Peer 1: 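Handing you this structure, nothing more for now.
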Amino acid sequence: MKIHVRLFASYREAFERDELELEVPGGTTCTQIQTQLAAEQPVLERWGSVVRYGVNCRFVPPETPLTDGDELVLIPPVSGG
Amino acid sequence: MNNDFRFTREPLDLQSAYDLGTDSGQGAVVIMVGTVRTSTGGRAVAFLDYEAYEPMALAVFEQIAAEIRSRWPATGRIVVHHRLGRLAIGEASVIVAVGNAHRADAFAGCQYAIDALKRDAPIWKKEHWADGNSDWVTGSLLLSAQG
């Protein structure tokens, strides 16, 4: 299945782009995406325990399985305001 | 819903936020303005850079507003205007305005709004230090995780 991954802050800088299109097996979870991205860009390993996930603009638990066409955003610690 | 949420790369306008945040049915409107300070932890800041995942951040603002209306039912208008891009020292990064029939609830609602925004809205800021280095601000979450 295909998912769209939005990248911000340190994720965007690590990949030098603001989104990725990934082809992954059905049922892949949000945390598995984080693991995969951190394997490609080890600088992102540090966020593994604190990153949050949004699927289609809603917060979801880390173990949430993705479905074809989902838009996933990896949310490193925020600091708005 | 009497909400007005927006992101902008232009300087924030306090009068506009006030005009949108008040109406004659309210007894009070509390306005919080976040500004870029000159240093963090004793280290001089040159400027900040803000970015946001706007569609999700706007959805988070809606959830925060719903929670405020649930906790303080006499809430009137709720305004959140957030700046993006490069901000100089002293510039306003965010304006939150919350109206209510009563001032105590207006204060409470406004404080809840800014605290929840900083905790949950997908908005990031990068501090560019006077010495030329820069760091993403990680907020309380990571700091507490690292003790």
Side-chain angles (χ1 to χ4, degrees), chain A residues 2-22 29-31 33-35 37-38 40-67 69-81, chain B residues 5 7 12 32-37 40 48-64 80-84 87 92-96 110-127 134-147:
Chain A
K2 185 175 288 186
I3 61 166
H4 310 277
V5 182
R6 300 294 302 260
L7 305 173
F8 292 91
S10 44
Y11 283 82
R12 178 174 49 72
E13 290 183 346
F15 283 91
E16 297 183 325
R17 54 194 301 183
D18 53 22
E19 59 184 28
L20 301 171
E21 294 241 329
L22 298 183
T29 65
C30 297
T31 45
I33 299 293
Q34 157 64 19
T35 301
L37 297 187
E40 293 179 36
Q41 305 288 346
V43 68
L44 299 175
E45 284 175 8
R46 63 190 293 241
W47 302 120
S49 61
V50 293
V51 70
R52 296 158 80 189
Y53 302 95
V55 174
N56 305 328
C57 288
R58 301 185 71 90
F59 282 109
V60 298
E63 299 300 332
T64 302
L66 297 159
T67 58
D70 275 347
E71 180 170 275
L72 169 69
V73 58
L74 292 110
I75 306 173
V78 300
S79 58
Chain B
F5 304 140
F7 286 95
L12 298 178
M32 187 273 171
V33 181
T35 56
V36 178
R37 65 178 170 227
T40 299
L48 295 184
D49 218 334
Y50 277 86
E51 66 181 63
Y53 181 31
E54 294 184 44
M56 184 169 174
L58 293 169
V60 169
F61 292 172
E62 293 288 351
Q63 291 164 11
I64 292 169
V80 180
H81 293 175
H82 206 298
R83 182 94 181 267
L84 296 177
L87 275 72
S93 55
V94 64
I95 300 178
V96 179
C110 188
Q111 174 148 16
Y112 182 91
I114 187 64
D115 289 348
L117 181 158
K118 292 179 79 75
R119 184 182 65 240
D120 288 333
I123 302 168
W124 298 269
K125 68 182 169 197
K126 191 169 191 176
E127 282 173 326
S134 61
D135 290 307
W136 290 100
V137 180
T138 51
S140 58
L141 181 62
L142 188 66
L143 295 175
S144 60
Q146 291 183 335

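In what follows, chains are A, B, ... by sequence order, proteins preceding strands, each numbered from 1. Since this is a predicted model, take the numbers as computed values, not measurements.
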Peer 1: With a 4.5 angstrom heavy-atom cut-off, which part of B/A59 approaches chain A: side chain, backbone, both or neither?
Peer 2: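 Contact with chain A is through the side chain of B/A59 alone.
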Peer 1: Tell me, do A/F8 and B/W136 make a side-chain contact under 4.5 Å, heavy atoms counted?
Peer 2: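 Contact flag for A/F8/B/W136 side chains = no.
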Peer 1: Assess whether side chain to side chain contact (heavy atoms under 4.5 Å, CB included) is satisfied between A/L20 and A/L37, documenting all intermediate values.
Peer 2: CA-CA 10 Å; A/L20 301 171; A/L37 297 187; 3.8 Å; yes
Peer 1: Quick one: what part of B/V96 sits under 4.5 Å from any heavy atom of chain A, side chain, backbone, both or neither?
Peer 2: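 For B/V96, neither part sits under 4.5 Å from chain A.
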Peer 1: Where is the tightest heavy-atom contact between B/T35 and B/S93, given as atom of each residue plus distance?
Peer 2: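 Nearest heavy atoms, B/T35 then B/S93: N-OG, 4.1 Å.
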Peer 1: So for B/A57, is it side chain, backbone, both, or neither that comes closer than 4.5 Å to the heavy atoms of chain A?
Peer 2: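 It is neither, since no heavy atom gets under 4.5 Å.
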Peer 1: Go through the atoms of B/Y50 and report whether side chain, backbone, both or neither lie under 4.5 Å from a heavy atom of chain A.
Peer 2: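 Side chain only.
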Peer 1: Examine whether an atom of B/K126 lies under 4.5 Å from a heavy atom of chain A, and if so say whether it belongs to the side chain, the backbone or both; otherwise answer neither.
Peer 2: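 Side chain only.
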Peer 1: As a quick check of understanding, evaluate side chain to side chain contact (heavy atoms under 4.5 Å, CB included) for B/L117 and B/H82, giving each step before the final call.
Peer 2: CA-CA 10 Å; B/L117 181 158; B/H82 206 298; 4.3 Å; yes
Peer 1: Between A/Y11 and A/Q34, does any side-chain donor sit less than 3.5 Å from a side-chain acceptor?
Peer 2: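 Yes, A/Q34 and A/Y11 have a side-chain donor paired with an acceptor closer than 3.5 Å.
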Peer 1: Need one label for B/D120: side chain, backbone, both or neither, based on atoms under 4.5 Å from any heavy atom in chain A.
Peer 2: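 Both parts, backbone and side chain.
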